[in-house]
Structures are given as C-alpha cells and as structure tokens.
Number of protein chains: 2
Amino acid sequence: MMDLDETDRAILRALRADAALSAGELGRRLGLSQPAAWRRIRRLTESGVISGRRVVLDREALGFGVTVFLGVKLATKGRVSLDEFERAASAIPEVQAIEHVLGLFDYRLKVVARDLADFERVLRRRIMTLPGAGNVEANVMLSEERLPGPLG
Amino acid sequence: MMDLDETDRAILRALRADAALSAGELGRRLGLSQPAAWRRIRRLTESGVISGRRVVLDREALGFGVTVFLGVKLATKGRVSLDEFERAASAIPEVQAIEHVLGLFDYRLKVVARDLADFERVLRRRIMTLPGAGNVEANVMLSEERLPGPLG
DNA sequence: ATTGAAACTGCAACATT
DNA sequence: AATGTTGCAGTTTCAAT
C-alpha cells in the first residue's frame, strides 16, 4: 500500500476513464510537464496500483446481447470440490468471470450469451453439469453502470 | 454488429490481456505489417467493438481489501423508485458498479471497503438508507478470476 | 502490403528549485 | 524528492505506391 497525493489521484481518475491518454496530455490537464506526468504514471505502475491496461469490448457489438449473473451453491464442499468446480467453470467459453464468495452462495459467475435461447443451452448443457453444482440462481442483467470508485 | 475474421479475434485476444501492446508488436506476432495491424485496430475501435481502454487498479494496493457483492430487492418499484435508487447509489463513493437485474433481486451492487469494519459502516449508513431498499443480501468476495470470454 | 515521412510519445540524462 | 529542459529512439498516423 502506497500513499498518493491529490495529483496521483487525479491521474488515476483520468486513466480510469481513458487509459489511452498520453503523458503529455495528462500533464497539460494537470499543469505538469510531460516527463513529470510520465514519471508519476510509471511510479503508480511499478508500485502495483495500476495493475494493467485492458481494452473494453462491447459485448453487444460482438453479438452477445445477454449477460446473466449466476449464484451457485455447491452440493459438496472441500478442497477438491472447489478446485474442480473452478477448473470446469474456466473451461466454459461463455463464462466471463468466476468469483469465489462467502455468503448464501459459494460462487458467482458472469455469463454471456447471444440471446436467451443461447443462454438456455449454456445453462443446461454447461452450467448445470458443473461438478458439485447444487442450487443455481440467475439474474439477467438489464443495464450496468460502472463508477470510478474510491481512490484512497 | 460486425463480423470478424480469425486475425481480428487474435488481435482482440491479445489486447484483452494487455492493451499497451503496440501495433508493431501485434503485427510481429500475427504476421502482419505494422500499418496493417494498426488499421485493424482502428477499424475495431471505430466499429465500436473496442469501446474503450481502461487501467485496472489494484484495490488492495489502494488499501481496499474487502469487496462485497450486494443483492438488493426494492420495497417499492416503479419508474421513480428505480431512478431515485440509482441516483442515490451512484453517489456512494464505495460503490463500484450498479447492475439493474431481473430475477430474485432488482439490483446488484459491487462495493469495496478498507476492511470489514469499514464495510459495516458503509452498509449501515449508506446502503441500508438507500431510498426503496428492502431486502439486502451480501456475498463477500474471496477471490476473482477474469476470463477472456467468447469473441463471436 | 510495403514504403516513406511528419508529428507525437516514451524514456533517459542532466540541471534546477 | 519532485520538477523542468533537452534530446533521441520508437510509435502513431498519414499519404503514396
């Protein structure tokens, strides 16, 4: 953990919205020279605060109009069950994220599909056959809003 | 929606892992010239398939070690209730994502906090006081695995 | 698809405060 | 310790072939 000043936070806020911003453009906005802004970005990257840069793909543009969150309760728990479940879930192409959670469910899966008919196929042939899967609860995503979140 | 060939998919797969890859490096890997790779990236961006580039922040490095998924059932529904709930939830700094869903819950919130004591504060003073919030169910995240997902 | 060229960016070295 | 200036290699972003 690292302590950030107001300038660092402004940089993170800007890069969260658009990681393609150049150090020069960032410096211009914050009143820094290009190398000064660049050095701060490098420092944030090397310290691990910035852990990567990813492109965001538009699922709809790719033909995947349906996103569903699944809560999964395992029927059998234990070291082997968790590993096996995670390995099998990772192998399903439509699964975008696997979250191991504590609470009413054991896992939370984010699944995408072309449409509801396609989702039913994934659910029946892939999800319900996952090793150890007991109760499964589904929530179809209608819309999603991503927020900046706290920076320290 | 746009149709992609195998090369486009390889580009998306590579950029999903690391958006900082240059067009030259991408071309080298795929057997394309630098401008050819660059043109494909631009085409994918202009068509909306690539909808943005974001930095990934390490929550733990920022001092937020706890991530909780909340399922929220509204007590009162209707146009106004949804708008009001979303507006109030957006104003909570610890809320990272607001997902409007169909199913057992009406909303799914991704919330981060410094620790469990901090999370309790957020839950009691911010979440439970959200307008219209009825039942709230929580799942504490233990680990998360993000997968490439299907590309068409 | 390749080449060439202008503008910009990333990155290092050095000086300043 | 953080900044600014200079300078160069590499990249982006075009146009031309």
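Source: prediction; values computed, not measured. Throughout, protein chains are lettered first and strands after them, A, B, ... in sequence-line order, and every chain is numbered starting at 1.
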Set out, in order, the CA-CA distance, both residues' side-chain angles and the distance that settles side-chain contact (heavy atoms from CB on, under 4.5 Å) for B/Ile127 and B/Val122, then state yes or no. CA-CA 6 Å; B/Ile127 305 293; B/Val122 175; 4.2 Å; yes
Could you tell me whether A/Arg54 and B/Asp18 make a salt bridge, using a distance below 4.0 angstrom between a side-chain N and a carboxylate O? no
Basic-acidic side-chain contact under 4.0 Å: A/Arg108, A/Glu99: yes
What donor-acceptor contacts under 3.5 angstrom involve side-chain atoms of residues 134-152 of chain A, with partners at least two apart or in another chain?
from: A/Glu144; atom 1: OE2; to: A/Arg146; atom 2: NH2; distance (Å): 3.4

Heavy-atom contacts under 4.0 Å between residues 10-18 of chain A and DNA chain D, which residues? none
According to salt bridge (charged side-chain N to carboxylate O under 4.0 Å, His left out), who are the partners of B/Glu6, at least two apart in sequence or on a separate chain? B/Arg9, B/Arg13
Residues two or more places apart in sequence or in another chain: which of them pass salt bridge (charged side-chain N to carboxylate O under 4.0 Å, His left out) with A/Arg124? A/Glu120
I'd like to know whether B/Glu25 forms a salt bridge (charged side-chain N to carboxylate O under 4.0 Å, His left out) with B/Arg28, so could you lay out the CA-CA distance, the side-chain angles of the two residues, the decisive distance to 0.1 Å, and finally the verdict. CA-CA 5 Å; B/Glu25 174 60 26; B/Arg28 223 163 294 130; 2.8 Å; yes
Along DNA chain D, 5' to 3', what are the outermost nucleotides having an atom less than 4.0 Å from a heavy atom of chain B? D/dT11 to D/dC14
Contact string for nucleotides 1-17 of chain C, one letter per nucleotide 5' to 3', B = base within protein heavy-atom range under 4.0 Å, S = sugar-phosphate only, - = neither, reads SBB-----SBBB-----
Please determine whether side-chain contact (heavy atoms from CB on, under 4.5 Å) holds for the pair A/Phe105 and A/Leu74, giving the CA-CA distance in whole Å, both sets of side-chain angles, and the decisive distance to 0.1 Å. CA-CA 8 Å; A/Phe105 295 106; A/Leu74 294 190; over 6 Å; no
Assess the residue pair A/Arg121 and A/Asp115 against the criterion (salt bridge (charged side-chain N to carboxylate O under 4.0 Å, His left out)); give the C-alpha distance rounded to whole Å, side-chain angles, the decisive distance to 0.1 Å, and a yes or no. CA-CA 10 Å; A/Arg121 176 188 61 81; A/Asp115 48 44; over 6 Å; no
